[in-house]
Participant: 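Below: one structure in structure tokens.
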Amino acid sequence: MRRSLALLGLPLLVLAGCATPDSGPGGTTSADPGVTTSAARDPYPAFDRRAQEAAARWRPDPRWRTGYVPLQDATVLVGDPGFTAETELAFASGWYRDQIPMPTAVPPDASIRFPDGELRVPLVSAADAYAQLDQGDPPPCDGRPREPRLGKPGWPEPGGPTAEPGPDDPVSTTAPTPCVPLTVTAVRLGSAPAWTSRGEAAVPAWLFTVEELAVPVARLAVAPHAVGTVGGGAADTLPLPAGLVAAQELRAVDGNRLDYVVGVGACDGAPTPLVREGPDAVVVGGSVVPATGVCTMQLVQKPVSVTLSAPLGGRAVLDVGTGAPLVARPG
């Protein structure tokens, strides 16, 4: 599983680069002392200036280095779930049905294990964690049962008809509406990897066994009052210069590779990911060739990737548009 993130409070000093999607850095954009570069070789000076400004505004809360500040959603998959189209939608939508009594007892405090140490934190009960996990029911099904088959004789396969079609039945080429919830059959207290302001951590979590998935669905179990918020300096309210686009969210971190999403116009050209590295933070965004002529006013999310000069480790990933740290969402 891929994870990581962290902080900034000093000016950026070392490297920056631009890259094409799914490739390493394609050019240096830093003009800092000690970096071999020149203004003529810097194709994105506007990005470089904006990245420096974002870094200068970043002022994290003291708990950023000493407490628990998660930088991702509290629902985590522990391994490859083996999604189908329906179960992936159910997971993204938070559609669950429980087949067990949910324990209401609050367990004793437990430790979060960070790369730089441990922190004891209070936890929530399995019942409270499940209440946060379950976001409601799927929509009504198109002519088939709401519940999955679960190996029961007489139940059709998810996505199949509810009865054998006859010669007089209407014929439709429209795919049925996905409507299958995920079935929770067991729960236990364990831990799950999570991005935090102090890097990748092993966080106490309730692990829900789901009938339709190959791995448990984890819900981080730290009590809300022990969870720090993502702080920072004043947001930049000025629009980005023409041709630059902001990062919307972080998707994954794998060593020195970052996968993230940028927001582009519906008619803009393909985005080029841009990154500027420092000892305490990495600022990301993108560049596009803006559309000319008439186009719809629509923001389209495009995935991009960059390769850093070194693993991310305990550095924050900041959006060049707002200067805020990026919070990871499931991809």
Participant: Compare every heavy atom of S305 with every heavy atom of D259, then report the nearest pair and how far apart it is.
Facilitator: OD1-OG, 2.6 Å
Participant: Decide yes or no for W95 and V180: does some side-chain heavy atom of the first lie under 4.5 Å from some side-chain heavy atom of the second?
Facilitator: no
Participant: In terms of side-chain geometry, is the basic nitrogen of E249 or R251 positioned less than 4.0 Å from the acidic oxygen of its partner?
Facilitator: yes
Participant: Would L189 and V106 show up in the same hydrophobic cluster when neighbours are defined by side-chain heavy atoms closer than 4.5 Å?
Facilitator: no
Participant: Run D48 and Q52 through side-chain hydrogen bond (donor to acceptor under 3.5 Å, both in side chains) and show every step you take.
Facilitator: CA-CA 6 Å; D48 195 59; Q52 291 185 66; 3.2 Å; yes
Participant: So do the side chains of F208 and M102 get within less than 4.5 Å of each other, counting heavy atoms only?
Facilitator: yes
Participant: In Å, rounded to the nearest 0.5 Å, how long is the span from CZ of R120 to CD1 of I112?
Facilitator: 10.5 Å
Participant: Do R63 side-chain atoms and V69 backbone N/O form a donor-acceptor pair below 3.5 Å?
Facilitator: no
Participant: Applying the 4.5 Å side-chain criterion to the ILVMFWY set and letting contacts propagate, would L244 and V300 be lumped into a single cluster?
Facilitator: yes
Participant: One pair to check against side-chain hydrogen bond (donor to acceptor under 3.5 Å, both in side chains): T307 and R257. What are the steps and the verdict?
Facilitator: CA-CA 4 Å; T307 301; R257 176 187 167 103; 5.4 Å; no
Participant: So L213 and F83, do their side chains get closer than 4.5 Å, heavy atoms only?
Facilitator: yes
Participant: Would you indicate whether the side-chain heavy atoms of S309 and N256 approach each other to under 4.5 Å?
Facilitator: no
Participant: Could you give the side-chain donor-acceptor pairs of residues 282-297 under 3.5 Å, partners two or more places apart or in another chain?
Facilitator:
| unit_1 | atom_1 | unit_2 | atom_2 | d |
| --- | --- | --- | --- | --- |
| S287 | OG | G243 | O | 3.4 |

Participant: Given side chains that start at C-beta, do those of P273 and V262 come closer than 4.5 Å, heavy atoms only?
Facilitator: no
Participant: Treat each ILVMFWY residue as a node, draw an edge where side-chain heavy atoms are under 4.5 Å apart, and state whether V261 and L71 are in one component.
Facilitator: no
Participant: First locate atom CZ of R49, then atom CZ of R276, and finally report the distance between them rounded to the nearest 0.5 Å.
Facilitator: 11.5 Å
Participant: Any idea which heavy atoms bring E200 and P193 closest together, and the distance?
Facilitator: OE2-CB, 4.0 Å
Participant: Can a donor-acceptor pair be found, under 3.5 Å and without considering hydrogens, that links the side chain of R198 to the backbone of T66?
Facilitator: yes
Participant: Are V320 and L274 side-chain neighbours, meaning at least one heavy-atom pair lies under 4.5 Å?
Facilitator: no
Participant: Within the distance-only criterion (no hydrogens, no angle test), does the side chain of E212 pair as donor or acceptor with the backbone N or O of T87 below 3.5 angstrom?
Facilitator: no
Participant: Taking the side chain as every heavy atom from C-beta outward, state whether W206 and Y130 have any atom pair closer than 4.5 Å.
Facilitator: no
Participant: Tell me the closest heavy-atom pair linking E277 and A310, and the distance in Å.
Facilitator: OE1-N, 4.1 Å
Participant: Indicate yes or no for a side-chain donor-acceptor contact from T322 to the backbone of A324 under 3.5 Å, with no hydrogens or angles considered.
Facilitator: yes
Participant: Indicate, with yes or no, if I100 and V217 share a hydrophobic cluster defined by side-chain heavy-atom contacts under 4.5 Å among Ile, Leu, Val, Met, Phe, Trp and Tyr.
Facilitator: yes
Participant: Taking all heavy atoms of A110 and all of L123, pick out the closest pair and write down the distance.
Facilitator: CB-CD1, 3.9 Å
Participant: Counting N and O atoms only, with roles assigned by atom type, does the side chain of Y68 sit under 3.5 Å from a partner on the main chain of V222, one being a donor and the other an acceptor?
Facilitator: no
Participant: Using modelled atom types and a 3.5 Å cut-off, is there a donor and acceptor pairing between side-chain atoms of R315 and backbone atoms of L312?
Facilitator: yes
Participant: Contact between V245 and K302 at the side-chain level, heavy atoms closer than 4.5 Å - yes or no?
Facilitator: no
Participant: Between V215 and D80, what is the shortest heavy-atom contact and its length?
Facilitator: CG1-O, 3.4 Å
Participant: Give, for atom CG of D319 and atom CG of L240, the distance between the pair rounded to the nearest 0.5 Å.
Facilitator: 7.5 Å
